[in-house]
Amino acid sequence: MEELASKYQFKDIEEKIYAFWEQQHLFSAQADENKKSFTIVIPPPNVTGILHMGHALNNTIQDILIRYKKMQGFNAVWMPGCDHAGIATQNVVERKIAAQGLKRQDLGREKFLEQVWDWKSSYGTTINQQLRRLGCACDWQRERFTMDTEYSNAVLEVFVHLYNKGLIYRGHYIINWCPRCQTALSDEEAPHKEVDGSLYFIKYPLKSSTKDYVVVATTRPETMLGDTAVAVNPKDERYSYLIGNFVTLPLMDREIKIVADDFVDMEFGTGAVKVTPAHDPNDYLIGKRHNLEFINILNPDGSLNKNAGAYAQMDRFKAREAVIDALRQKGLLLRVLQHKHAVGHCYRCGTMIEPYYSKQWFVKMRPLSEPAIKAVKDGEIKFYPKRWTKVYLNWMENIQDWCISRQIWWGHRLPVYYCRDCLKNLEDSNKAVIVSKTLPFKCPVCGSADIYQDNDVLDTWFSSWLWPFAVFGWPFNGDESAARIKQQDLKHFYPTSVLVTAQEIIFFWVARMVMAGFEFTKDIPFKDVYIHGTVRDDTGKKMSKSLGNSIDPLEVIADYGTDALRFSLISLTSMGQDVYLSKDKFEFGRNFANKIWNAARFLLMRLDESKDFSNAEEILKHKKLPLAEAWILSRFYSSLENIDKALSAYRFNEAANCLYEFFWHQFCDYYLELAKTHIHSEDIQFVLYFVLKNILLVLHPFIPFLTEQIWQKIAPNTGSIMLQKWPQVQAQAINRTLEANMGYVLEICTKVRNLRSESDIKPKQKIKVSIFVSNPYQSKLVKECTEYLKVLAKIEQLTLLNENAAPDQLCVSAAMPGTMLFMHVGDFDLKLEIKKNAEEIIKMNKYINRKSALLNNMQFVRNAPFEVVEKETQDCEKLKEKLNKLIQRQNELERAN
RNA sequence: GGGCGGUUAGCUCAGUUGGUUAGAGCGUUGCGUUGACAUCGCAAAGGUCGGAGGUUCGAGCCCUCUACCGCCUACCA
């Protein structure tokens, strides 16, 4: 056989194997009515994205599922693709042209978009290459992009549909405005962050008096320039006499009314609130209720506009200082308190957002949410772990309308047109709106051809929420035969099986997909939602590029190998818990991969090449196997059973740990060592081959590259490991008694080694051992164990004596109840033996006392299930026998001493 | 303010319906290697499961309260 390196060399090999898979089209699937489908759509990474640990975890999980299901015979497909990521991508390209001193406005819309597309085609899909490095079995021939013509068509279709249904509307509202990106954002895109601010108390002089004033408290004093009222609670007796009166707005010398509104909290601040309807969501509502003037004081870039009088053109934060200075000089600033409060920040650039009154497009969400709530409540869609159900429902049940228009260029432009003539002639500008998938020739109202398209584009998530069905070509316009194939695809692969994603996009994406699924396909988009944890650094901070605490998966792949990265990640991820990473944790996976490599290497050297192993399974089925062989097969199948169970419940770490335990500690540590003593026996050869082959199959979804590589060596001419069948649990091969007994033997083995270690007896030095049993009922069991021990004796350099040759031999308590293990006394120091024995007696006494107390507790005996009581009683008896033996032995030893 | 998660060996974490000598990996200590693997083997030491109370014959696992850490959510200016 060929010489293999003693260390697993993963470099270069992984890429070659991936190329082989791709060339063989092993990742692709076609609709086939005779097969059961298993579908995953990838959470489309941003085109600007580069692979980070979150992706690595997310995609490893998906890949495991896809490979597992494929081997199980499902028609499995994993749909890959990228999201155009409107704001994020635009920002990247803006930064790029800024290096040449250009702004997007300098280029104009068309030229700028050309640049974005150029950027996209040269760098945009880097992440797809990186997913290949991760081993992802994506069906790349089905790759989609949210700005593809076909996909864009779906987006427009959806907009028109919802508009016609009355679920999309345009209106003036307070929205979240990012002054840096200069666009509106949805509520989800402006997460609140706690900031240290100040609460300023400002005097607003009463119009009616030169001395009297009302004090208001605010965290954003510059907004006072746009104040159009002061509000107090109608129940607040302190202010009731002022309601309906006027104050003079300082710095602006504007008279503004004092109104009464229930919203005002009497306890907070002074109980009087300045009202800025155009720059605060609550004030907006107060403004509406009291018919106040809406004064916008901000430019889109966050500087103040001409409505701010002397402060026009000043940046908002500069203006804040200037306003405070001016107030202080006028003696109108009463005091300033430190104040922590939560402020929205742009999720793309981190800039503090401004509530901003403007005309935007919205989706009415309430009607869409109803079936989405029902589906989750009825269990049609299940979350793993369950607790996310509540989070989802809570958001869904309190859903707000969704602001979908963005004032950027990169994205799906709204299919909204305006007739200039109608805008001029009609009072209601909404009547001049034409919503159409294509540019209308003429205005349906007045027939004018003077028509222009809305400049805004749609929120990125307005395309992402269609992903699970739009990737299959929905709504099937265009070429008829192509459409038919796509329809078949959708029918076969949709609803998808499981969505694997992170917690932070439940609202952005998961919830909205459910709504879109029902609205446009009348069906759920997926059955299960698996929410994995967030990847954090070892201090608990979320890993992110901006914090500089991220570990680059590609670097880990370079240093440890992809398989190591994947296996380590998966082992660390228990259901939905966050993953704390540091680089050294990847040694775990690397060591395991190396162990697999070396075990395989050993077997490749020792398996008889002249044998035909191809039907090992059949041969073994009909054989009465020696105990150790039967044991390892039993262990294999019971492990497989647990792995299947774990995988079907999305308990990936459990599956991984099962594999690790079986492969390393059962197969390598024990079975291989036992097998070495009879390595040329036919039975053992077949068993070794069989276990290696099958464990490779089970390892494959987790450790795809290494398993493929070994597979090609041990089963040449069978094609890729990806094409093999997942092993079936053979229930008849599982023998729990056998496993338990072998467990005792292995514990006895540990005891022997322990004694050797403590008495400094070299592993190669022969010692004599006998098994002694006091309880005749146990003798059959012991006899069996002696059989095991004979195998063990070979590797442990033991000489087994007759079972009752007890006297002058060292006694050790063994795992099996009622069983004693003796070693020949000549091998040991007598004092050590006495000490050892004494320790054992103490321990035994402790156990017995505990058990006796339990059994003397009548309430236990009365209330506990019969089996439990029975078991405890037996255990106690056995312990007592053992103790007696120990005491007897101790007496003998002491006499001899 | 509301909600959620965590608190188990020196470190990082498992622990599936409560059953009675609580597990793993890393680290530590001792021993070991002329051929599968030092990215290795063998053995050992080390937790009473954040704190308090409760339910139960029995609780790391259920309930209540509490402390600390983290996350999400919210219109207190």
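In what follows, every chain begins at residue 1, and chains take the letters A, B, ... in the order their sequences are listed.
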> Dot-bracket for RNA chain B, 5' to 3', counting Watson-Crick or G-U wobble pairs under 3.5 Å, with [ ] for crossing pairs and | for inter-strand pairs?
Replying inline: (((((((..((((.....[...)))).(((((.......))))).....(((((..]....))))))))))))....

> Any side-chain heavy atom of A:Thr534 sitting closer than 4.5 Å to one from A:Val579?
Replying inline: no

> Is the distance from OP1 or OP2 of B:rA43 to the nearest side-chain N or O of A:Arg753 less than 4.0 Å?
Replying inline: yes

> Sequence neighbours excluded, which residues qualify as salt bridge (charged side-chain N to carboxylate O under 4.0 Å, His left out) partners of A:Glu877?
Replying inline: none

>> Looking only at the side chains, is there a donor atom on one of A:Asp401 and A:Tyr173 sitting less than 3.5 Å from an acceptor on the other?
In response: no

>> Does the protein touch nucleotides 13-26 of chain B at the base, only the backbone, or not at all? Give it as B, S and - per nucleotide, heavy atoms under 4.0 Å.
In response: SS----BBB---S-

>> Output the rounded distance in Å from CG (A:Asn176) to P (B:rU73).
In response: 13 Å

>> Considering every strand and a 4.0 Å limit on heavy-atom distances, what is the contact class for A:Arg387: base, sugar-phosphate, or nothing?
In response: sugar-phosphate

Please output the side-chain donor-acceptor pairs of residues 652-660 of chain A that fall under 3.5 Å, not counting sequence neighbours, one pair per line with the distance.
unit_1	atom_1	unit_2	atom_2	d
A:Glu654	OE1	A:Arg651	NE	2.8
A:Asn657	ND2	A:Asn653	O	3.2

>> Rounded to whole Å, how long is the line connecting atom CE of A:Met396 with atom C1' of B:rU73?
In response: 16 Å

>> For A:Phe662, give me all partners under ring-ring contact (aromatic ring centres under 6.0 Å, His included), at least two apart in sequence or on another chain.
In response: A:Phe636

> Under a 4.0 Å N-O cut-off, is there an ion pair linking A:Arg220 with A:Asp280?
Replying inline: yes

> A:Arg320: what forms a salt bridge (charged side-chain N to carboxylate O under 4.0 Å, His left out) with it, not counting sequence neighbours?
Replying inline: A:Glu222

> Is the shortest side-chain N/O distance from A:Asn394 to OP1 or OP2 of B:rU73 below 4.0 Å?
Replying inline: no

>> If the condition is side-chain contact (heavy atoms from CB on, under 4.5 Å), which residues does A:Ile841 pass it with, not counting sequence neighbours?
In response: A:Asn845, A:Leu883, A:Leu886, A:Ile887, A:Gln890

>> For residues 851-869 of chain A, which residue pairs pass the side chain to side chain donor-acceptor pair (under 3.5 Å) check, not counting sequence neighbours?
In response: A:Lys851-A:Glu872

> Is the NZ or CZ atom of A:Lys583 both under 6.0 Å from the centre of the six-membered ring of A:Tyr560 and within 45° of that ring's axis?
Replying inline: no

>> Does the Lys NZ or Arg CZ of A:Lys676 fall within the cation-pi geometry relative to A:Phe602 - under 6.0 Å from the ring centre and within 45° of the axis?
In response: yes

What protein N or O atoms touch nucleotides 74-77 of chain B N or O atoms at under 3.5 angstrom, if any, and at what distances?
unit_1	atom_1	unit_2	atom_2	d
B:rC75	O2'	A:Asn282	ND2	2.5
B:rC75	N1	A:Asn282	OD1	3.1
B:rC75	O2	A:Asn282	OD1	3.0
B:rC76	O2	A:Asp265	OD2	2.4
B:rC76	N3	A:Asp265	OD2	3.3
B:rA77	OP2	A:His339	NE2	3.4
B:rA77	O2'	A:Ala217	O	3.4
B:rA77	N6	A:Asp265	O	2.7
B:rA77	N6	A:Phe268	O	2.8
B:rA77	N1	A:Asp265	N	3.1

> Which residues pass the side-chain contact (heavy atoms from CB on, under 4.5 Å) test with A:Lys193, sequence neighbours left out?
Replying inline: A:His345

>> Over all strands shown, is A:Thr750 touching base, sugar-phosphate only, or nothing at heavy-atom distances under 4.0 angstrom?
In response: sugar-phosphate

> Can you tell me how far C1' of B:rG2 sits from NZ of A:Lys390, to the nearest Å?
Replying inline: 11 Å

Check nucleotides 30-38 of chain B against the protein and report each pair of N or O atoms closer than 3.5 Å, with its distance, or say if there are none.
unit_1	atom_1	unit_2	atom_2	d
B:rA36	OP2	A:Arg606	NH2	3.3
B:rA36	O3'	A:Arg601	NH2	2.7
B:rA36	O2'	A:Asn598	OD1	2.6
B:rA36	O2'	A:Arg601	NE	3.1
B:rA36	O2'	A:Arg601	NH2	2.5
B:rA36	N7	A:Lys676	NZ	3.1
B:rA36	N6	A:Glu673	OE2	3.2
B:rA36	N3	A:Asn598	O	3.1
B:rA36	N3	A:Ala599	N	3.2
B:rC37	OP1	A:Arg601	NH2	3.4
B:rC37	O4'	A:Asn598	OD1	3.0
B:rC37	O4'	A:Asn598	ND2	3.3
B:rC37	O2'	A:Asn594	OD1	3.2
B:rC37	O2'	A:Asn598	ND2	3.4
B:rC37	O2	A:Lys595	NZ	2.7
B:rC37	N3	A:Lys595	NZ	3.1

>> Using atom P in both nucleotides, what's the gap between B:rA74 and B:rG18 to the nearest angstrom?
In response: 36 Å

When the side chains of residues 383-394 of chain A are checked against the rest of the protein, which donor-acceptor pairs come out under 3.5 Å, sequence neighbours left out?
unit_1	atom_1	unit_2	atom_2	d
A:Thr389	OG1	A:Lys386	O	2.6
A:Tyr392	OH	A:Ala372	O	2.8
A:Asn394	OD1	A:Asn398	ND2	3.3

